[in-house]
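Values below: every heavy atom of this structure, side chains too, minus hydrogens, waters and symmetry copies. Below, read A as the first sequence line, B as the second, and so on, with proteins coming before strands; counting in each chain starts at 1.
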2 protein chains.
Amino acid sequence: MSKEKIDTCKVSCIHEDLVAKVKKELLPNERIDDLQSLFKLFGDGTRLLILQALQICEMCVCDIAASLDMSPSAVSHQLRVLKGGRLVKSRREGKQAYYSLDDEHIEQLLDIGLDHISHQ
Amino acid sequence: MSKEKIDTCKVSCIHEDLVAKVKKELLPNERIDDLQSLFKLFGDGTRLLILQALQICEMCVCDIAASLDMSPSAVSHQLRVLKGGRLVKSRREGKQAYYSLDDEHIEQLLDIGLDHISHQ
DNA sequence: TTATCATATGAACAACTGTTCATATGTTCA
DNA sequence: TGAACATATGAACAGTTGTTCATATGATAA
């Protein structure tokens, strides 16, 4: 948020006050791990395509696989990962398993990401 | 955005109309690759900590390394990655290289991510 | 110039990840 | 029940990634 201008480091290039301040404000490891896991889910093309497809419509595994030209197995593996990360949910209807988005933040993240890459 | 309710797939579990529609609407590979690269940058704890530190204040490599209890080399490697992804920029001031955030979307993405993980 | 410090970079290695393949589970229908 | 199909899952393998270590570059000051 606020950017402070503190001048150059004195001791071995380390500005002690700033370092102490930053150390105190950094998120705890647990939070960082959670954030990391969340963003990793978006860091794969297959998963991004699945999420984008599910933005359009709830779909079964075979439909997703056909849409992405991938094997149902590969898609199923990734759906499992996404479900573990609480990004998608599923319901059974006969033989099919229908998947849909399970989070209101997904579209926001994708939109901001798209905004970023289209602005340069 | 809009979710349409189309009923169950008929042919080998594939609902052809839906698949055709989704195939048409999915982002092209190039865009997906760009998105993937962007989110991958956020999918690592070290890089997340660096970005969070730079939210607080512009910092030199040694200060970041000290704040994160990591080697300057490891930090420098990750700064290079972040710079390649246009998330940070740097300026020289004497021996030091000062890094700062180079994108208005970073804080938005981090905030939404934090919102997600704190809501469950 | 030479010494020193801050940073950058290349190689190497271990750890992680995504796909494939084989197989298992679960559901429907004959 | 048994056959067919949709999905799930485990093992394995190749490709990727992040750190360390050694070394190189660039800058300042003596």
* To do: Give a yes or no on whether the backbone of A:Leu79 and the side-chain of A:Arg47 come within a donor-acceptor separation of less than 3.5 Å.
  => no

* Could you please name the option among D:dA8, C:dT7, D:dT19 that lies closest to any side-chain atom of B:Met70? => D:dT19

* **Side chain A:His77 and base C:dT17 donor-acceptor under 3.5 Å** => no

* May I ask you to verify if any side-chain N or O of B:Tyr99 is less than 4.0 angstrom from the OP1 or OP2 atom of C:dA8? => yes

* Looking only at heavy atoms, which two atoms of A:Gln108 and A:Glu104 are closest? And how far apart? -> NE2-O, 3.4 Å

* Give the rounded distance in Å between these two atoms: CD1 of A:Ile64 and P of D:dA6. => 14 Å

* Side chain of A:Gln78 only, please: which of C:dG18, D:dA8, C:dT20 is the nearest? => C:dG18

* When the distance from CD1 of B:Ile32 to C1' of C:dG18 is rounded to whole Å, what number comes out? -> 16 Å

* **SB check A:Lys23 B:Asp69 (cutoff 4.0 Å)** => yes

* Asked: Rounded to whole angstrom units, what separation is found between the CZ atom of A:Arg80 and the P atom of C:dG18?
  -> 14 Å

* To do: Could you check whether the rings of A:His116 and B:His105 sit parallel, tilted or perpendicular, using 30° and 60° as the cut-offs?
  => perpendicular

* Asked: Looking across every strand, which nucleic acid part, if any, lies under 4.0 Å from A:Ala74 by heavy atom: base, sugar-phosphate, or nothing?
  -> base

* **Nearest-Å distance for atom pair CZ/C1', residues A:Phe39 and C:dC16** => 20 Å

* To the nearest Å, give me how far apart CD (B:Glu93) and P (C:dC5) are. => 19 Å

* Asked: Among C:dT7, C:dT28, D:dT9, which is the nearest nucleotide to the side chain of A:Lys95?
  -> C:dT28

* Asked: Looking at C:dT20, C:dA8, C:dG18, which one has an atom nearest to any side-chain atom of A:Ser71?
  -> C:dT20

* To do: Assess whether one donor atom and one acceptor atom, taken from the side chain of B:Ser73 and the base of C:dT9, lie less than 3.5 Å apart.
  => yes

